[in-house]
Every structure is written in C-alpha cells, then in structure tokens.
Amino acid sequence: KPHCLKVMGLVPLYKNLTIPKEEQKKLIRSGDLDWGPRIGAWVVGFKLWFLSDYLAHLEVKGGSIFLVERVSSIVVASSDTSYATLSPDDLPYRANNTNPNEHIKSVSAIVAPQGDWKNVPDKDPVEKDIEGKLQFVQTFSFDFHGLELVGVYTVPRDNMLAQLDKKATETVLTSIIVNSTFCALMLAALFCWGFRRAGQLYQAERAQQKASEKRVIQAAGAAITCRFSMVMVNLRDF
C-alpha cells in the first residue's frame with residue numbers, strides 16, 4: 001500500500017547461539033553485557049496500512065477516527081481512506097497546525113492545542129465547534145504491540161441526534177404496540193369475565209324460577225288434596 005507508515009523491527013544475530021534470559025536481555029539492551037560479536041541482523045518491517053483499513057470498516061455513524069502516536073504526534077492511521085499519512089517526500093504528517101487535512105488540523109487544535117499528545121487523557125464525548133459545525137469529540141487510548149496511540153473520534157451532532165430520534169421513535173412505537181396489546185388483552189379478559197358472569201346470573205335466575213315453579217306446583221297439589229279430603233268427609237256425613 002502506498003503512503004503508509006512502516007514500523008521497523010531489528011533483531012541482532014550473535015555468534016553466541018545461547019539464548020539469553022530476560023535479565024540478560026535487559027543488560028544487553030542497556031549495553032552492560034557483551035554477548036559476543038554480532039554476525040548479522042534480522043530487519044522486519046510492519047506496514048500500518050491495515051490500521052486505516054480497519055478504521056474505515058468501523059460503524060462511525062457518519063463520523064471519523066484517526067490515530068496519533070503519543071510521543072511523536074505523527075498521524076498513524078485514519079478512517080478516511082483518501083487521507084495519505086505520508087507526504088510526497090515520504091515524510092509523516094503530524095497532528096498539529098501543519099497537517100494538510102483541515103479536519104485533523106481543526107480537531108488537533110482542540111485536543112492538543114500545544115501539539116503535545118503525550119498527556120492527552122481518555123475523555124467521554126464533548127460537544128465542540130469544528131469547521132463551523134457542532135460535533136462530538138471523544139479521545140481514547142489505543143495501545144497496539146508497543147505502539148502508544150491516541151484515538152480521536154468525531155461525529156456531527158446532527159447525526160447523533162438523528163440516531164437518538166430514531167431510537168426514541170422506535171421506543172414510542174414499541175410502547176404503543178405493547179400498550180395496545182395489553183389493553184386488547186384486558187378488554188378480552190373483561191368481556192370473557194362479563195360473559196361468564198352473565199351466564200352464571202342467568203343460570204341462577206333459571207334455578208330460582210324453577211324452584212318457584214316447583215313450590216307453586218307443590219302448593220297447588222297440596223290444596224287439591226286437602227279439598228278432596230273435605231269433600232269425602234262431607235259425603236260420609238250424608
């Protein structure tokens with residue numbers, strides 16, 4: 001990939017083939033221990049284009065992210081794939097007022113006004129005026145295999161509010177559906193209860209009516225029997 005930063009890794013080869021221990025490695029690095037003559041070195045280069053590719057595929061809600069190396073303030077990667085991290089002379093751009101990208105230049109003036117990125121803290125989103133537009137700015141640490149980077153995420157305020165409005169609308173619609181369903185279930189339950197209660201009252205009334213009819217019939221039968229007996233008594237007398 002053209003116009004991308006590259007990290008060089010140097011691994012020296014010694015004539016002494018014994019693998020040094022951790023304490024010995026520290027002494028070798030500091031120059032306090034001679035491990036013998038060097039006979040060569042492995043040089044490994046890691047191109048960092050994949051960081052920009054990774055950032056470009058993030059869901060940033062219409063915003064952007066760029067990474068800055070803390071010590072050197074060099075812009076290492078950006079979610080904007082059109083941004084070149086190296087100049088035509090293959091020199092890296094820094095996150096300050098000399099950066100050719102207007103967005104990075106404006107954000108850098110807010111996050112690190114003096115161009116010092118060493119002590120930039122992690123911060124939650126804050127609202128700032130960037131390039132004449134209100135945007136949310138968030139900083140975070142991004143440590144990657146020994147690289148101490150600062151991530152800067154910016155997103156227009158309108159985009160965030162649109163997302164919030166969408167979520168609020170979805171929440172309201174969900175509430176309406178849930179409430180409507182609950183009310184329908186309550187009405188159905190009330191109707192079922194009322195219908196069942198009406199049935200019970202009808203059955204009770206029918207039972208009472210039947211009991212009244214039975215009592216009337218029984219009373220009529222008793223009256224007839226009594227009258228017949230009186231008639232029979234009168235006949236004997238005659």
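Keep in mind that the numbers below use all heavy atoms, side chains included, and drop hydrogens, waters and symmetry copies.
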*How many angstroms lie between atom CG of Leu33 and atom NZ of Lys25, to the nearest 0.5 angstrom?*
13.0 Å
*When rounded to the nearest 0.5 angstrom, what is the spacing between CZ in Arg38 and CG in Leu13?*
10.5 Å
*If Ile, Leu, Val, Met, Phe, Trp and Tyr residues are connected whenever their side-chain heavy atoms lie under 4.5 Å apart, and connections chain through other members, are Leu58 and Val155 in the same group?*
yes
*Is there a side-chain contact between Lys61 and Tyr153 (heavy atoms, below 4.5 Å)?*
yes
*List the atom of Pro156, the atom of Gly62, and the distance in Å for their closest heavy-atom pair.*
CD-O, 3.8 Å
*What's the shortest heavy-atom distance between Asp53 and His57, and which atoms?*
O-ND1, 2.7 Å
*Can you find a pair of side-chain heavy atoms, one from Asn99 and one from Phe66, that are under 4.5 Å apart?*
no
*Honestly curious: do Tyr14 and Leu27 fall in one hydrophobic cluster under the side-chain, below-4.5 Å linking rule?*
yes
*asked:* What I want to check is whether the side chains of Asn96 and Thr98 have a donor and an acceptor closer together than 3.5 Å.
replied: yes
_Close side-chain approach of Tyr83 and Val75, heavy atoms under 4.5 Å_ = yes
_Distance alone, cut at 3.5 Å: any donor-acceptor contact between the side chains of Thr18 and Asn16?_
yes
_Taking side-chain hydrogen bond (donor to acceptor under 3.5 Å, both in side chains) as the definition, give me every residue that meets it alongside Glu69, ordered by chain and number, with sequence neighbours left out._
Ser72
*Do we see a donor-acceptor contact under 3.5 Å between the side chains of Arg94 and Ser108?*
no
_If you count every heavy atom of other residues, nucleotides or ligands that lies below 6.0 Å from Ile19 atom CD1, does the total exceed 12?_
no
*Please identify each residue that fulfils salt bridge (charged side-chain N to carboxylate O under 4.0 Å, His left out) with Glu127, with sequence neighbours left out.*
Arg157
*Shortest non-hydrogen separation from Pro121 to Thr139 and the atoms involved*: O-OG1, 2.7 Å
*Flag for Ser64-Thr154: side-chain donor and acceptor within less than 3.5 Å*: yes
*Answer whether the closest heavy-atom distance between the side chains of Val152 and Val137 falls below 4.5 Å.*
yes
*For residues Arg70 and Asp122, report the shortest heavy-atom separation together with the two atoms involved.*
NH2-OD1, 4.3 Å
*asked:* Minimum heavy-atom separation for Leu67 and Gly151, please, with both atom names.
replied: CD2-CA, 3.6 Å
*Determine whether Phe140 and Ile65 make a side-chain contact, defined as any pair of heavy atoms from C-beta on separated by less than 4.5 Å.*
yes
*Is Ser73 reaching over with its side chain to a backbone N or O of Trp117, donor-acceptor style, under 3.5 angstrom?*
no
_Spatial distance of atom CG (Asp129) from atom OG (Ser106) [nearest 0.5 Å]_ = 9.5 Å
_For Asp116, side-chain hydrogen bond (donor to acceptor under 3.5 Å, both in side chains) partners two or more places apart_ = none
*Atom CD in Gln24, atom CD in Glu22: separation rounded to 0.5 Å?*
10.0 Å
_Asp158 CG to Leu134 CG distance, which is reported to the nearest 0.5 Å_ = 8.0 Å
*Measure the spacing between CD1 of Ile110 and NZ of Lys128 and express it to the nearest 0.5 Å.*
6.5 Å
